[in-house]
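No hydrogens, no waters, no symmetry mates; every other heavy atom, side chains included, goes into these values.
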Amino acid sequence: MKLQETGLTAQELKDIVNKYMIETYARYDFIAERADGMYLYDEEGTAYLDFYGGVAVNSPGNRNPKVVAAVKNQMDDIVHTFNYPYTIPQALLAKKICDSIGMDKIFYQNSGTEANECMIKMARKYGIETFGPNKYEIITAKHGFHGRTMGAVAATGQPDSAIQRDFGPMLPGFSYAEFNNLEDFASKITPNTIAIMIEPVQGEGGVHPATQEFIEGLRKLCDDNDLLLLFDEVQTGWGRTGSLMAFMGYGVKPDCVSMAKAMGGGMPIAACCASEKVAKAFSAGTHGSTYGGHPVSCAAALASISEIIDMNLSENAKVVGEYMVEQMAKLPHVKEARGRGLLVGCEYDLPIAVNVKWECMKRHALITAIGSNTNRMIPPLIATKKDVDMLMDIMREAIPAAVEQL
């Protein structure tokens, strides 16, 4: 839909949003009207270099042609049905995912937080059925982020942040340990612990990758204590970190893994994959979703995942991501550049990240800020070194402008 088709001015449209919508986002002052490849276009046709990627969603590129074609084709057949008849996209996608990442079973959801809720519920039910009524506690990482529903919020190790604050008592059964600190995780295990749940790379926590030693140590810790290892790959999944799933890059297989974002190539869809033994915890009536496995979203996901695999975007993410970290480390006031694949963080020696974000937007590049000191870059996985060079040129102007505002 184009703005001119509505008969409204840009300001009139913004006024409608301000009047009717509950706003929790700091809006960019433009209307996103069109997207293509590495670019987002406003109502006047101005192009913005997209290193935000719809928050790591548009991995095969904004408005990827094969994803668009799959959506249009499916909508000519069936848009939605309940989850009692079989549907073709749902079945084909289940096989594609499980075969590609080596998991046994999949349960579809609509968003990342729902996929994590599904994973939490599955782990708890498995623990209680297998070991007894108190075997439901899960250890997660401090500064992690698992979503906005109440179970996922409780799993998020940020008790002093706006994510948890003022939402009443948290769901019991979670404890938090220091990320990349195996000894701290081991110290949190109790007779009631059933699982350890982490992000392979903490995104909202400031773009901190797990070390190889930590991931391998968690797997052994879980094996030695009859615990489940749960990976939240909502953001790191499907090529983002330089391997198809982040756990594959570490060579460590979890018992359950959640996914969303890039999975749908722009359409809302998520899932939880599990081993056969854990998946058996779910039977008729234990979990469900009206829209989970939606035919149009499944068709989009099948196209998106196929594009990521066929175009070898995991390898591109690895190569271009390493280049971005190298170039970003040369920028003024950068204390550390870090990441894994095309999930990159840039930490400054001054609290300028939010201002840098806005200054980049003024110069037609989109990045995000994580706290006051770190910017995060999560572009489509089709990004090239030339795109990175363009962003670096913009940031070299944006950073001094941001410093002047302190």
Side-chain angles (χ1 to χ4, degrees), residues 101-105 115-147 151-152 154-159 171-206 208-237 241 243 245-259 272-281 340:
I101 68 173
M103 298 300 287
D104 296 327
K105 297 286 187 177
N116 284 333
E117 289 278 345
C118 177
M119 189 159 64
I120 291 165
K121 288 178 67 178
M122 194 180 294
R124 282 188 163 202
K125 194 167 187 296
Y126 168 82
I128 290 169
E129 285 183 342
T130 306
F131 300 104
N134 296 318
K135 197 76 167 175
Y136 62 85
E137 295 179 357
I138 298 174
I139 307 168
T140 66
K142 294 178 181 178
H143 308 298
F145 178 75
H146 298 293
T156 293
Q158 300 186 46
L171 180 73
F174 293 95
S175 61
Y176 313 127
E178 290 288 343
F179 191 66
N180 275 331
N181 186 333
L182 192 60
E183 290 184 2
D184 197 26
F185 270 83
S187 73
K188 297 298 193 300
I189 296 174
T190 75
N192 296 331
T193 304
I194 185 56
I196 291 173
M197 176 179 175
I198 67 155
E199 304 158 275
V201 181
Q202 287 193 329
E204 294 292 326
H208 294 282
T211 65
Q212 184 71 32
E213 180 184 23
F214 179 61
I215 294 289
E216 290 179 357
L218 286 182
R219 180 69 273 176
K220 186 176 187 304
L221 192 64
C222 289
D223 291 341
D224 290 348
N225 291 274
D226 287 328
L227 307 180
L228 303 178
L229 182 58
L230 317 178
F231 281 171
D232 173 351
E233 293 226 35
V234 168
Q235 187 164 116
T236 58
T241 65
S243 54
M245 302 294 287
F247 76 78
M248 298 168 77
Y250 286 100
V252 173
K253 187 175 178 179
D255 298 287
C256 298
V257 59
S258 61
M259 61 192 70
C272 171
C273 283
S275 65
E276 183 85 36
K277 73 170 186 178
V278 181
K280 287 179 180 177
R340 194 173 175 97

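- Ser243 places a side-chain N or O within donor-acceptor distance of the main-chain N or O of Met245, the cut-off being under 3.5 Å.
- Counting all heavy atoms, side chain and backbone alike, Met259 lies closest to Ala115 at O-CB, 3.9 Å.
- The heavy-atom pair separating Gly249 from Gln212 by the smallest distance is O-OE1, 4.4 Å.
- Thr140 places a side-chain N or O within donor-acceptor distance of the main-chain N or O of Ala155, the cut-off being under 3.5 Å.
- Residues Ala123 and Leu230 share a closest heavy-atom pair of CB-CD1, 4.0 Å.
- To the nearest 0.5 Å, atom NZ of residue Lys253 and atom CE of residue Met103 are 6.0 Å apart.
- For the pair Arg340 and Tyr250, the cation sits on the ring face: its NZ or CZ lies under 6.0 Å from the ring centre, inside 45° of the axis.
- Proximity of a side-chain donor or acceptor of Glu199 to a complementary backbone N or O of Gly144 within less than 3.5 Å is not detected.
- Side chain of Lys142 to backbone of Gln158: no donor-acceptor contact under 3.5 angstrom is found.
- Formation of a donor-acceptor pair under 3.5 Å by the Asn116 side chain with backbone atoms of Asp232 is not found in this model.
- Using cut-offs of 30° and 60° on the angle between ring planes, the pair Phe231 and Phe247 is tilted.
- Between the side chain of Glu117 and the backbone N or O of Gly151, at least one donor-acceptor pair lies under 3.5 Å.
- Thr130 has its side chain out of reach of Lys135: every pair of non-hydrogen atoms, C-beta onward, lies at least 4.5 Å apart.
- Of all heavy-atom pairs spanning Phe179 and His208, the tightest one is CE2-O, 3.2 Å.
- The shortest heavy-atom contact between Val278 and Cys256 is CG1-SG, 3.6 Å.
- Side-chain contact between Pro200 and Thr241 is absent, with no heavy-atom pair separated by less than 4.5 Å.
- Remark: the backbone N or O of Ser175 is not paired with any side-chain donor or acceptor of Glu137 at under 3.5 angstrom.
- Judged by distance alone, with hydrogens and angles left aside, the side-chain atoms of Asp255 form no donor-acceptor pair with the main-chain N or O of Leu228 at under 3.5 Å.
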